[in-house]
Amino acid sequence: MHPLGGSAPGIARLSWARLRLRGFAAGDEDVLVDLDGDPAVMEFLTGGKPTSRERIRDEVLPRLRGHYERWPHWGYFAGETLDTG
């Protein structure tokens, strides 16, 4: 598996002193449910309607992770702080 979470070669790992970008993993379901359940986050995307856990698991995460296979140099990445993850 690639260090960013995808298995495609050629995805650069981006890391700074306090922040890292990594590929989405199946274990990110809970974080995405929390993020997409926040009305302030979703206000301009869905009018504030949260995304269901089932949709995150069955549609959103597979789509995000599928980019790594199809387009090795493009995709969506999770940002996380190095001190807290």
Side-chain angles (χ1 to χ4, degrees):
M1 178 183 293
H2 191 276
L4 284 175
S7 58
I11 301 174
R13 182 179 189 107
L14 301 174
S15 187
W16 295 269
R18 299 182 335 199
L19 178 71
R20 129 177 84 229
L21 296 180
R22 62 167 179 77
F24 282 97
D28 290 324
E29 181 179 324
D30 288 338
V31 176
L32 284 173
V33 167
D34 288 344
L35 184 67
D36 285 16
D38 184 332
V41 171
M42 301 306 288
E43 180 179 358
F44 299 104
L45 300 172
T46 64
K49 180 181 175 195
T51 307
S52 70
R53 176 173 295 276
E54 293 75 22
R55 184 160 184 230
I56 298 270
R57 182 189 60 234
D58 299 338
E59 295 176 35
V60 175
L61 267 173
R63 185 183 72 241
L64 294 173
R65 297 186 75 209
H67 279 83
Y68 309 137
E69 293 292 325
R70 290 187 295 271
W71 302 288
H73 300 290
W74 301 95
Y76 296 91
F77 300 93
E80 59 186 9
T81 58
L82 294 176
D83 59 344
T84 63

From [X] [atom1] over to [Y] [atom2], what is the distance, rounded to the nearest 0.5 angstrom?
X	Y	atom1	atom2	answer
L64	F77	CG	CZ	10.5 Å
L32	I56	CG	CD1	5.0 Å
R65	D28	CZ	CG	8.5 Å
F24	R63	CZ	CZ	10.0 Å
L35	D30	CG	CG	12.5 Å

Which atoms form the tightest heavy-atom contact between [X] and [Y], and what is the distance?
X	Y	answer
L82	A17	CD1-O, 3.3 Å
G37	P50	CA-CB, 3.8 Å
E29	R53	OE2-NH1, 2.9 Å

Which residues pass the side chain to side chain contact (heavy atoms under 4.5 Å, CB included) test with [X], not counting sequence neighbours?
X	result
V31	none
D58	E54
E80	R20, R22

ask   = Hey, any chance L21 and Y76 share a hydrophobic cluster, counting ILVMFWY side chains that come within less than 4.5 Å of each other, even indirectly?
value =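 Shared cluster, yes.
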
query = Excluding sequence neighbours, so at least two apart, what forms side chain to side chain donor-acceptor pair (under 3.5 Å) with T81?
reply =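 Scan of T81 (side chain to side chain donor-acceptor pair (under 3.5 Å), adjacent residues dropped) gives D83, T84.
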
task = Can you sort out the partners of R55 under side chain to side chain donor-acceptor pair (under 3.5 Å), two or more places apart, ordered by chain and number?
result =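 Here the qualifying residues are E59.
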
ask   = D36: what forms a salt bridge (Lys or Arg N to Asp or Glu O under 4.0 Å) with it, not counting sequence neighbours?
value =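 For D36, no residue satisfies salt bridge (Lys or Arg N to Asp or Glu O under 4.0 Å) once neighbours in sequence are set aside.
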
